[in-house]
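Convention: sequence-line order gives letters A, B, ...; per-chain numbering from 1.
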Amino acid sequence: MDSPTTATQFAIETRKLNLWYGSFQALFDVDLQVKQGIITSMIGPSGCGKSTLLRSVNRITERLGYVRTTGSIEVMGRDVYAPEVEIVQVRKRIGMVFQRPNPLPISIRDNVIFAHRLHASAGRRLPKRERDEIVEKALRRVLLWDSVKDRLGRQATALSLEEQQKLCIARLLPVQPDVLLMDEPCSALDPKATEAVEELLWELRGDFTILIVTHNMAQARRASEECVFMLMGKIVEHGDTAEMFVTPRFEETAHYIEGRYG
Amino acid sequence: MFERTELNARNDRTQALVKVLFGVMTVLLALPVLIILGMLVVRGGPMISWEFLTADPTNGMTEGGIYPALVGTIWLVSVALLISVPIGIAAALYLSEYARDTWMTRAINLAIINLAGVPSIVHALFGVGAFVLFFKFGTSILAASLTLAIMTLPVVIVATRESLQAVPHEFREACWNMGATRWQTIRRIVLPNSISGILTGVILEVSRTAGETAPIMFTGAAMFLPFLPQSVMDQTMALSLHLFAISTQVTDVPEELPYGVALVLIGLVLALNAVSIGFRTWLRGRKKW
Ligand SMILES: Nc1ncnc2c1ncn2[C@@H]1O[C@H](COP(=O)(O)OP(=O)(O)OP(=O)(O)O)[C@@H](O)[C@H]1O
Ligand SMILES: [Mg+2]
């Protein structure tokens, strides 16, 4: 992952991806192609493997020790499971946002600069001006600058949930990731905060490839250009969001969209 | 429909009875502590003077002060902690942050718990065998402190591990997902947020170590030695052993003298506990989640 993007139109491409938790198979022959620079949403009933798929892209599933994966996942044209791949670089280029905002128990400023310190400025003292510029740029990008600029030294965990979630997105940006993976980023937020985060996603679109899991049909419809429907560890349908919601190709998709499974 | 029933009344009576019972137990528990402290202060208090703290014992330990014993205790405890704290914290970090749950780690955990339950006289015998004789440190501060260190190690490990595990797992996940290594996660997030608990555990250990007699008696503490130790290879006096000596081994000791020594020992321990509590409160005030 050290050299920049090769010419591919897909930011994420999986081929025949199978994944087992111990002896339980959670993903079956998943072939997914996520286009670069757009927002793709992933929907499907609880337990169908959305989080699993997301987490295998940045290889965080490996931490569990009892997970086995076959098939391949390419991110920006590079196989992330190849033997020469440095896992730290994978995590740097692929940012992850969680359901529950999880800012670190340090100041707002330190949260934003955290990943940068790990990757870009490790081992050298970051001049204060450079640091402040990075922080400001990231916070502006997530539309948070104006509301927190006077309290950058305060504990991040004291922010409102909406602000926390935006901060969790902001802290990924200084290391210039290619892909942002978001696992139900709005489900802990109220409708107004949800709207604000969706607005932010549109703002980030283009510069980043965004893959977002959601249980909220309206959100998938509003906030994504393509949509993937999963069922029991398989991808059933993947297509243009507007099209999929109006004329789903498969019966299962139609049922799910109409709210017939949980 | 909201009237009080016979059942409500009965439950209330039981509840009142239980409350009184538990209250009485609590008082009974606190009583001995208060009596001990009161007696020490009343009988030992008049002994305490600057001179008592800074003079050597004289006349077969029946007169004079306790200076060498006080200094000796500080030596023994400091050296013991210098050994047990770094090792204990490192072991706890390994067990809680790195080790996978295998039969090996389970066996080690079991060993640690059992080590905490070993009586101190057994540690003393081990200390003699291992440090005094086998490693040929002789009876010295080093041998005694190593013995104390072995004794305190399990408690340091357990206290540290508990503080580490009190740091929510999601912070670690957040770090790992940003590409932090385990060590970066520990350094930047886990340790800063658990250090108050770790220090509390350590300081409480200090006070326990200061009072121990058996483990130092055969390994490095002397009954009477009116010189200050020059290095860790020297023997030394210690408050706990001094108290034991003047209470049981020496005749014609003024009745109030042991109370005075005990008061200094308890004062030292309480002062350390107070520092620990103050420190913890201060650190707690700075962390929030
Ligand atoms: N750590 C794990 N160990 C074992 N099985 C797991 C683990 N995580 C998930 N699973 C199983 O894998 C399947 C897929 O889970 P996953 O979390 O990916 O579903 P999901 O689509 O994200 O569901 P939800 O919408 O509830 O978040 C489920 O059957 C789940 O029980
Ligand atoms: Mg999920």
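- Side-chain N or O atoms of B:S145 include one that pairs as donor or acceptor with a backbone N or O of B:L76 at under 3.5 Å.
- Contact annotation: the side chain of A:L104 never approaches that of A:D110 to less than 4.5 Å [non-hydrogen atoms, C-beta and beyond].
- Within the 4.5 angstrom heavy-atom criterion, no atom of A:I87 approaches chain B.
- Contact count against chain B (heavy-atom pairs under 4.5 Å) is highest for A:R63 among A:R171, A:R63, A:M96, A:R100.
- Annotation: maximal heavy-atom pairing with chain A below 4.5 Å, among B:R100, B:E170, B:E173, B:M178, occurs at B:M178.
- Without hydrogens or angle criteria, A:Q164 side chain to A:T157 main chain gives a donor-acceptor distance under 3.5 Å.
- With a 4.5 angstrom heavy-atom cutoff, A:N58 touches chain B only via side-chain atoms.
- Ion pair B:R172/B:E97 flagged as a salt bridge, since at least one NZ, NE, NH1 or NH2 atom sits closer than 4.0 Å to an Asp/Glu carboxylate oxygen.
- Only the side chain of B:R182 comes within less than 4.5 Å of a heavy atom of chain A; its backbone N, CA, C and O stay farther away.
- Under the rule for a side-chain hydrogen bond (donor to acceptor under 3.5 Å, both in side chains), the partners of B:R208 that lie at least two apart in sequence or sit in another chain are B:E205.
- If you measure heavy-atom distances from A:P177 to chain B, you find no contacts under 4.5 Å at all.
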